Amino acid sequence: MECVFCNIVQGKSPATVEWEDEKVIAIRDTNPQAPIHLLIMPKEHFPSIDNVPNDILLAMLETAKALATREGFSNGYRIVINNGPDGGQTVYHAHVHLLGGRPFGWPPG
Ligand code: 5GP
Ligand code: ZN
């Protein structure tokens, strides 16, 4: 099945890669919702966060934190996981959003 993020992982589609290791890859979101908006995802295809093994889940969060430090979000940042239709998930290859460079409100819409 065609998956936009698998195509990026496999180098078939272009992306701005900000981090890559054996488990995860981090790219810039093409429709950024903040001055910095990165997507951290497993290299392996899992449709949603519900399917991701714990070690990869941990790697995704660790990568998000490390990138937040690297980006210099000293005043804070937002990590988001949209899960399923009600969660607003649109790409069914599990990913974590890292957003920074502006303040965020709560609760979300
Ligand atoms: P979701 O709503 O599934 O949590 O978020 C999917 C995100 O992927 C959206 O923020 C959207 O802008 C981003 N996105 C969709 N297609 C592409 C793409 O081809 N490349 C990149 N870099 N981001 C994408
Ligand atoms: Zn995929």
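For reference, positions follow the sequence shown, starting with 1. Just follow the structure's listing: the first ligand is 1, and inside any ligand the first atom is 1. Please read all numbers here as calculations on a predicted model, not as lab measurements.
- By the 4.5 Å heavy-atom criterion applied to side chains, I79 and H97 are not counted as neighbours.
- Two residues are said to be in side-chain contact when any heavy atoms from C-beta on lie closer than 4.5 Å; F46 and I56 meet this criterion.
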Show your working on side chain to side chain contact (heavy atoms under 4.5 Å, CB included) between F73 and R78 and close with a plain yes or no. CA-CA 10 Å; F73 298 151; R78 178 66 59 87; over 6 Å; no
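- Around CG of D55, the count of heavy atoms belonging to other residues, nucleotides or ligands within 6.0 Å exceeds 12.
- Under a 4.0 Å N-O distance rule, the pair E20/K43 qualifies as a salt bridge.
- Angle SG (C3) to the Zn ion (ligand 2) to ND1 (H45): 110°, rounded to 10°.
- Restricting H93 to its N/O/S atoms, the shortest distance to the Zn ion (ligand 2) is reached by ND1.
- At a 4.0 Å heavy-atom cut-off, the residues surrounding ligand 1 are F5, I8, I27, R28, D29, T30, N31, L39, N82, G88, Q89, T90, V91, H95, H97, listed by chain and number.
- The heavy-atom pair separating I8 from P14 by the smallest distance is CG1-O, 4.0 Å.
- Annotation: N75, atom CG; neighbour count of heavy atoms from other residues, nucleotides and ligands within 6.0 Å does not exceed 12.
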